Engineer: 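I have a structure I would like to understand better, so I am pasting it below and will then ask my questions one at a time.
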Amino acid sequence: MRIASLVPLAPIARAEFARRFIIEDAEPASLGTLCPDVLLLSPAVRVDAAFLAGLPASVGALATYSVGLDHIDLDAVRARGLPMFNTPGILSNAVADQAMLLLLAATRRMAEATALLREGRWTDLWSSHILGVELAGRTLGIYGLGDIGRRVARRATAFGMRLVYHNRRRAVDEAGATFAATAEEFLASADILLLAAPSTGETRNFLNRERLALARDGLVVVNIGRGDLIDDDALLEALESGKVRAAGLDVFRNEPQIDPRFLARPDVVATPHIGSATEEARRGMATVLCDAIEAWRRGERPANRIA
């Protein structure tokens, strides 16, 4: 079985594929000469009808090295008759940890504190007065209580936080959180807002000027979902005015060409979409795709087949 990879895999993940298959790095233009059986993709590759039309006839299946599917036109994949696999559940702990890291870093003003040290401005024990806020007793509002959102909820409970969430519909497993049926009720009750939803027509620009106006003063915003859940101009204006105290962002619009205004702000903690960047998650993502490919080859339908 030959796999062509359009993904710059970490060595730990590549080793898992190489243990079971022949895997070769590729560019779209070189696929015809490689004649792969399976094509390994990432969110950086837009999979639509035009892309699929250019694939060599040898390609019998597609595997995306991601949970998210917003880069994939599933109708086009189904019309082509290609099975497709993704990596659900594998990276949830890693991303939940990243959410807590950003939540803590934003509330305790880590960007400002580390800059004080790196720039040699720490002159005495009281010179900084970089006062943050504690998590205990505050309300975390989770927009998108899916697998990752529930794992964050359980971590936040250990910090003594209250929990509220907003979904399209009430969750079966609420992880101790209270359901807010409307965005207005949800935003009015949260001290810290975690965006953990996928990018859809309903969720894009969820956090806009109108909704920020409904939020509590001094809101902290953390985004580990997708960059386009936020109206960038609206968030930057709210940071400037103080309506939003701080933001912790791992995802952005137009990655990797993000809005440079975020990086210029001391009240923003930013990381380059590394929520799933742990050894355990990246190895696990490779393993679940290898398992799916082998099951498909045996004529079975793996649970993570999405087309």
Side-chain angles (χ1 to χ4, degrees), residues 3-10 12-14 16-17 23 25-29 31 36 38-52 54-55 59 61-78 80 82-96 98-99 102 144 146-149 195-206 223-230 232 249-259 270-290 292-293 304-307:
I3 296 178
S5 176
L6 302 180
V7 182
L9 291 168
I12 198 168
R14 187 181 183 85
E16 181 64 18
F17 282 104
I23 183 166
D25 294 327
E27 297 292 336
L31 293 175
V38 178
L39 187 60
L40 183 62
L41 308 159
S42 77
V45 179
R46 175 63 185 163
V47 180
D48 54 18
F51 175 85
L52 294 169
L55 294 182
V59 175
L62 305 173
T64 181
Y65 195 64
S66 67
V67 176
L69 306 174
D70 39 297
H71 59 298
I72 298 168
D73 182 340
L74 283 175
D75 290 335
V77 174
R78 293 182 181 118
R80 179 70 183 259
L82 289 173
M84 186 164 204
F85 317 107
N86 73 336
T87 64
I90 301 301
L91 49 75
S92 297
N93 275 326
V95 179
Q98 182 75 8
L102 291 171
D147 186 28
I148 293 170
L195 300 169
S199 174
T200 68
E202 183 179 356
T203 63
R204 290 183 197 107
N205 291 313
F206 171 80
N223 190 5
I224 48 88
R226 284 292 183 265
D228 61 7
L229 303 186
I230 293 175
D232 286 356
L249 308 174
D250 186 51
V251 290
F252 302 85
R253 290 177 180 270
N254 304 316
E255 296 174 357
Q257 285 79 39
I258 71 171
D259 191 323
T271 52
H273 202 150
I274 58 170
S276 66
T278 66
E279 293 180 3
E280 295 85 351
R282 295 297 168 86
R283 184 193 297 113
M285 292 165 73
T287 298
V288 75
L289 288 178
C290 287
I293 292 166
N304 59 325
R305 179 170 172 173
I306 53 175

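Here the structure is a predicted model, which means the values were calculated and not measured.
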Engineer: Measure the CD1-OG1 distance between Ile90 and Thr287 for me, rounded to the nearest 0.5 Å.
Structural biologist: 8.0 Å
Engineer: Verify, without hydrogens or angle tests, whether Asp73 (side chain) and Ala76 (backbone) share a donor-acceptor contact under 3.5 angstrom.
Structural biologist: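 Flag set: sc Asp73 to bb Ala76 pair under 3.5 Å.
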Engineer: Looking at Glu279, I want to see if its CD is surrounded by more than 12 non-hydrogen atoms of other residues, nucleotides or ligands under 6.0 Å.
Structural biologist: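 Count not over threshold, so no.
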Engineer: Donor-acceptor pair, distance only, cut-off 3.5 Å: does the side chain of Asp250 make one with the backbone of Ile274?
Structural biologist: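 Yes, the answer is positive, given that a donor and an acceptor are paired below the 3.5 Å cut-off.
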Engineer: With heavy-atom distances below 4.5 Å as the criterion, would you say the side chains of Leu31 and Val59 are in contact?
Structural biologist: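 In short, these two side chains do not touch, never coming nearer than 4.5 Å.
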Engineer: Return the minimal non-hydrogen interatomic distance between Ser199 and Arg204, and the atom names on each side.
Structural biologist: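 Heavy-atom minimum between the residues: OG-NE, 3.0 Å.
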Engineer: Check whether the side chains of Ser92 and Asp147 place a donor and an acceptor atom closer than 3.5 Å, and report yes or no.
Structural biologist: yes
Engineer: Are any non-hydrogen side-chain atoms of Val77 and Phe51 less than 4.5 angstrom apart?
Structural biologist: no
Engineer: Taking Arg80 for its side chain and Leu82 for its backbone only, find out whether a donor-acceptor pair lies under 3.5 Å.
Structural biologist: no
Engineer: Please name the residue in the list Leu289, Val45, Leu62 that meets the side-chain contact (heavy atoms from CB on, under 4.5 Å) test with Leu40.
Structural biologist: Leu289
Engineer: Donor-acceptor pair, Asn223 side chain versus Arg226 backbone, under 3.5 Å?
Structural biologist: yes
Engineer: Can you measure from CG (Leu69) to CE (Met84) and round to the nearest 0.5 angstrom?
Structural biologist: 7.5 Å
Engineer: Just so I know, are the side chains of Thr200 and Phe206 near enough to count as touching, which here means a heavy-atom distance under 4.5 Å?
Structural biologist: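 Thr200 vs Phe206: side chains apart.
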Engineer: Do Arg14 and Asp25 meet the salt-bridge criterion of a basic N to acidic O distance under 4.0 Å?
Structural biologist: yes
Engineer: How long is the gap from CD1 on Ile230 to CG on Asn205, to the nearest 0.5 Å?
Structural biologist: 10.0 Å
Engineer: Would Thr64 and His71 count as having a side-chain donor-acceptor pair, cut-off 3.5 Å?
Structural biologist: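 Their side chains do contain a donor-acceptor pair, which is all the 3.5 Å distance test asks for.
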Engineer: Quick one: are Ser5 and Phe17 in side-chain contact, heavy atoms under 4.5 Å?
Structural biologist: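 No - every pair of side-chain heavy atoms lies 4.5 Å or more apart.
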Engineer: Closest heavy-atom contact between Asn304 and Asn86?
Structural biologist: ND2-O, 2.7 Å
Engineer: With a 3.5 Å distance limit and no angle check, can you tell me whether Thr87 reaches the backbone of Ser66 through a side-chain donor-acceptor pair?
Structural biologist: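 Confirmed, Thr87 side chain pairs with Ser66 backbone.
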Engineer: Can you confirm whether Ile148 sits close enough to Leu91 that some side-chain heavy atom of one is under 4.5 Å from a side-chain heavy atom of the other?
Structural biologist: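 With C-beta onward as the side chain, the pair touches.
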Engineer: Can you tell me how far apart CG (Leu9) and CG (Leu6) are? Round to the nearest 0.5 Å.
Structural biologist: 10.0 Å
Engineer: Any side-chain heavy atom of Ile224 sitting closer than 4.5 Å to one from Val251?
Structural biologist: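 No, too far: nothing below the 4.5 Å cut-off.
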Engineer: List the steps, then state whether side chain to side chain contact (heavy atoms under 4.5 Å, CB included) holds for Leu249 with Thr271.
Structural biologist: CA-CA 6 Å; Leu249 308 174; Thr271 52; over 6 Å; no
Engineer: Looking at CZ of Arg283 and CD of Glu16, how far apart are the two atoms once the value is rounded to the nearest 0.5 Å?
Structural biologist: 8.0 Å
Engineer: Minimum heavy-atom separation for Thr203 and Pro198, please, with both atom names.
Structural biologist: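 Looks like OG1-O, 2.6 Å.
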Engineer: Strictly below 4.0 Å, N to O, side chains only: are Arg253 and Asp228 in salt-bridge contact?
Structural biologist: no
Engineer: What distance do Ser276 atom OG and Tyr65 atom OH have between them, rounded to the nearest 0.5 Å?
Structural biologist: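 One gets 7.5 Å once the value is rounded to the nearest 0.5 Å.
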Engineer: Can you see which heavy atom on Ala13 is nearest to which on Arg282, and at what distance?
Structural biologist: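 Scanning both residues completely, I find the closest heavy atoms to be CB-O, 3.7 Å.
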